[in-house]
Amino acid sequence: MSESLLADATGISTGPVSQLMAMGGPVMMVLLAIAAAGIVTFVYLMLYGAFFAPRFTTKLKNGIKVWQQKPVREVPDQLQQTTSRYSRLNPLHHLITNTMHSRLQGSDPQQIREFVARDAHTALEPFEAPLKIIEVIAALAPLLGLLGTVMGMMEAFSAMAATEGRANASQLSGGIYEALTTTAAGLVIAIPFAALAAWIEFRLRRIQKTINGALVSVMAVPIATADSQDAPESVAATADDSDTDRRFAEYSVTGQQGRLANATG
């Protein structure tokens with residue numbers, strides 16, 4: 001029993017992690033920790049996005065087409081009744097049906113747009129924190145590698161100073177090896193995480209454009225009320241709604257992309 005435990009301990013001490021620690025020193029441990037944190041963050045982001053990311057499904061596309069032809073209460077009611085449990089997790093589904101109900105109830109268009117812009121931002125907000133973490137890891141890893149380089153060179157020159165300039169190559173190789181190892185490790189970690197951050201930002205911008213396009217399609221449909229008797233006023237109201245819809249699209253896209261641009265520096 002004791003021999004097996006000793007063999008396990010020996011295997012751990014000679015494993016790849018311990019070898020990296022021996023090659024890179026304490027900075028390597030920090031690099032491995034942030035790499036593990038980045039991988040966990042990315043996996044969480046993918047799992048969360050698979051269930052809670054806004055998705056413009058075929059059912060929603062067909063519902064908007066019917067809504068554009070005949071904006072009646074049956075359209076959002078049908079979307080809600082035929083929704084599966086998985087579709088209920090889709091924030092865009094709730095945004096579209098709530099917007100349709102608000103339009104049919106005769107709510108103030110400007111107030112509807114403010115609520116829709118707030119809810120759209122709320123749907124994308126959970127993705128901003130993981131994106132920021134991945135961006136920080138991509139920026140921090142090369143700096144940590146540089147720190148390991150400086151520490152390794154300091155060790156090499158310290159060994160040279162201890163021998164009063166008579167240090168041989170074997171005495172200097174340890175510090176130089178540590179310096180090169182941490183630099184390489186920092187770059188190996190930073191490059192893929194930088195690519196992941198750019199891909200996630202691109203996906204978020206695509207999702208934001210999809211949300212804007214779907215909601216503007218719903219808001220642009222004129223709603224005929226039972227109390228409206230004056231046709232010219234209805235036409236003017238429709239023109240005002242179309243102009244405000246255009247401003248809403250410009251506001252929501254520009255605002256969200258500005259936030260994403262600020263997140264990436």
Side-chain angles (χ1 to χ4, degrees), residues 15-21 23-57 60 86-87 89-95 117-152 178-215 252-265:
V17 176
S18 60
Q19 291 177 359
L20 288 174
M21 290 286 298
M23 289 188 298
V27 176
M28 184 64 70
M29 181 175 64
V30 181
L31 287 171
L32 293 176
I34 66 171
I39 293 174
V40 171
T41 301
F42 179 72
V43 171
Y44 163 79
L45 184 61
M46 292 296 100
L47 293 176
Y48 187 89
F51 291 98
F52 299 103
R55 300 176 302 278
F56 196 29
T57 61
L60 291 178
Y86 178 69
S87 298
L89 302 177
N90 185 4
L92 185 56
H93 184 277
H94 299 289
L95 283 171
R118 180 199 62 190
D119 293 341
H121 171 67
T122 302
L124 291 178
E125 191 173 8
F127 299 94
E128 294 183 1
L131 173 60
K132 190 65 177 178
I133 292 174
I134 293 177
E135 289 173 345
V136 169
I137 292 175
L140 194 61
L143 297 178
L144 287 173
L146 180 60
L147 176 61
T149 299
V150 173
M151 293 177 62
E178 178 179 338
L180 296 176
T181 302
T182 54
T183 301
L187 293 175
V188 167
I189 294 172
I191 291 172
F193 278 108
L196 287 177
W199 178 75
I200 294 170
E201 180 187 354
F202 171 76
R203 290 290 300 166
L204 287 179
R205 290 186 176 182
R206 287 283 301 273
I207 292 173
Q208 178 63 27
K209 290 181 179 180
T210 301
I211 294 175
N212 289 338
L215 294 177
S252 54
V253 170
T254 305
Q256 183 66 18
Q257 287 184 353
R259 289 177 60 87
L260 293 176
N262 290 334
T264 56

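Salt bridge Glu128/Lys132: absent, no basic N to carboxylate O contact under 4.0 Å.
Phe127 and Leu204 make their closest contact through CB-CD2, 3.6 Å (heavy atoms, listed as atom of the first residue, atom of the second, distance). For Ala50 against Tyr86, the heavy-atom pair with the smallest separation is O-OH, 2.6 Å. Considering all non-hydrogen atoms of both residues, Asn90 and Arg55 come closest at ND2-O, 2.6 Å. Taking both residues in full, the closest heavy atoms of Ala138 and Ala190 are given as O-CB, 3.4 Å, listed atom of the first, atom of the second, then distance. Heavy atoms only, all atoms of each residue included: Gly148 and Val27 are closest at CA-CG2, 3.9 Å. Summarising the geometry of Gly145 relative to Leu31, their closest heavy-atom pair is N-CD2, 4.4 Å, with the distance given to 0.1 Å.
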- Task: May I have the step-by-step check of side chain to side chain contact (heavy atoms under 4.5 Å, CB included) for Val30 and Leu147, ending in yes or no?
- Result: CA-CA 11 Å; Val30 181; Leu147 176 61; over 6 Å; no
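Of the inter-residue distances, the one linking Leu131 atom CG with Trp199 atom CH2 reads 11.5 Å to the nearest 0.5 angstrom. Expressed to the nearest 0.5 Å, how far CG of Leu196 lies from CG of Leu45 amounts to 9.5 Å. Going from atom CD1 of Ile211 over to atom CG of Leu95 covers 6.5 Å, rounded to the nearest 0.5 Å. Note that CD1 of Ile189 and CG of Leu144 are 8.5 Å apart. Values are rounded to the nearest 0.5 Å. The CZ atom of Phe56 sits 13.5 Å away from atom CD1 of Ile207, with the distance rounded to the nearest 0.5 Å. Arg205 CZ to Lys209 NZ: the interatomic distance, rounded to the nearest 0.5 Å, is 8.0 Å.
Heavy atoms of other residues, nucleotides or ligands lying less than 6.0 angstrom from CZ of Arg206 number 12 at most. For OH of Tyr48, the number of neighbouring non-hydrogen atoms (other residues, nucleotides, ligands) closer than 6.0 Å is greater than 12.
Put simply, the side chain of Thr182 never gets that close to the backbone of Met28: no donor and acceptor are under 3.5 Å apart.
Between Ile133 and Phe42 the shortest side-chain heavy-atom distance does not fall below 4.5 Å.
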